[in-house]
Amino acid sequence: MKSIAILGSTGSIGTQALSVIAEMSDLKVTSLACGRNIKLLEEQARKFMPAMISVEREEDAKILRENLKELPIEVLSGDEGLMAVAADPKADMVLSALVGMMGIRPTIAAIKAGKDIALANKETLVTAGHLIMPMAKEAGVKILPVDSEHSAIFQSLKGNRQALIRRILLTASGGPFRGMTEEQLANVTLEDALKNPNWSMGKKVTIDSATMINKGLEVMEAHWLFDVPVNRIQVLVHPQSILHSAVEFEDGAIIGQMGPADMRIPIHYAFTYPHRGELSGEPLDLFAVKELTFEHPDMETFYGLQLAFDAQLTGGNMPCVFNSANEAAVAAFLDKKISFTQIPELIGSAMMEIDYEDNPDLDVVLATERDTKAFVKSCIS
Ligand code: MN
């Protein structure tokens, strides 16, 4: 029996993870943390009976304590509650599925408590990979990717020597605006951007997917997870989303992972690794797919992706500036305060403006996040 704590249980990854756990007799939930969706958290708590749950606000915790008083479930709140779930002594593994940089500190707490990490929160590695990866190594914990592309790479590497990687072939759906010109992009709306052709995801990652910035974050994530320099990571636009990524080895062999575009599959693999289990779901019909196509990404129109490569090559706190500016810009876009094309513009401005730090510790990373978000907000108002 493997016990799992979930950070971000009411989000897209969290709910899909619980649907995986519900199918598996050898997995159980020990604790759940979420933001403000207490109605769904209450349902989850009744169904999965964790020993501990946590919400963002104490006033919400009070409501849950009252509603769940007949059950042996401890209800916590705030930072303290989040950290308690992350370091839950009953958990073997922590699913880190919060959105954005708020995932960093609980993920670090989980690593220090010796938990294996199923990592869905890419912003953690993007901004603090240089701290997280050595920490995980020292603590002897595994970081298991939940992102579909990184799970595909991880599966492709199984049984192969990492030293023999020639290139990582990172696939992208291209998002809803694939093939558009700069002029066309200037007029897209929030509603257009929220329509991803292939994947069902949370709002933030759906917008990131439309700007291709999600792929930029994934380039950085792959760099940290697999210790490959970004100039050996090739992004391929693959509109069918069937090949979830691949590894090209020094002998010319390319090994990839294909399957339905269903996040439950990489979540399930992270939970069952090093084994592979059974999971329900529609099998992929390759006869219906017929063809797989690959295109170069348009890094001039979707230059947020180029900025991601630039940020990672610069290193230091620059990936953090890139990511923080994106988080602030996407939040403003979701509030309809800026246009779609202002997202990469604001990131570019922040990368010029924010002070560079060569080897940032956690405090500097978090200070860079604050400074960058404040800068982006000042540009908007
Ligand atoms: Mn992905």
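Note that ligands are numbered from 1 as they come in the structure, with each ligand's atoms numbered from 1 the same way.
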For this session: Quick one: closest heavy-atom pair of Leu346 and Ala329, and the distance?
Result: CD1-CB, 4.0 Å

Problem set entry | Leu225 reachable from Ile255 in the ILVMFWY side-chain graph, under 4.5 Å edges | yes

Exercise. Looking at side-chain heavy atoms only, is the closest gap between Lys2 and Phe271 below 4.5 Å?
Worked result: no

Exercise. With Arg65, which residues qualify under side-chain contact (heavy atoms from CB on, under 4.5 Å), at least two apart?
Worked result: Glu58, Ala61, Lys62, Val75

Problem set entry | Transitive ILVMFWY cluster of Leu286, excluding itself - 4.5 Å side-chain cut-off | Leu169, Leu236, Ile242, Leu243, Ile254, Met258, Leu284, Val289, Leu292, Phe294

Exercise. Which residue pairs pass the salt bridge (Lys or Arg N to Asp or Glu O under 4.0 Å) test when at least one of the two sits in residues 5-25, sequence neighbours left out?
Worked result: Glu23-Arg264

Problem set entry | Distance criterion under 2.8 Å: protein N/O/S atoms around the Mn ion (ligand 1) | 3

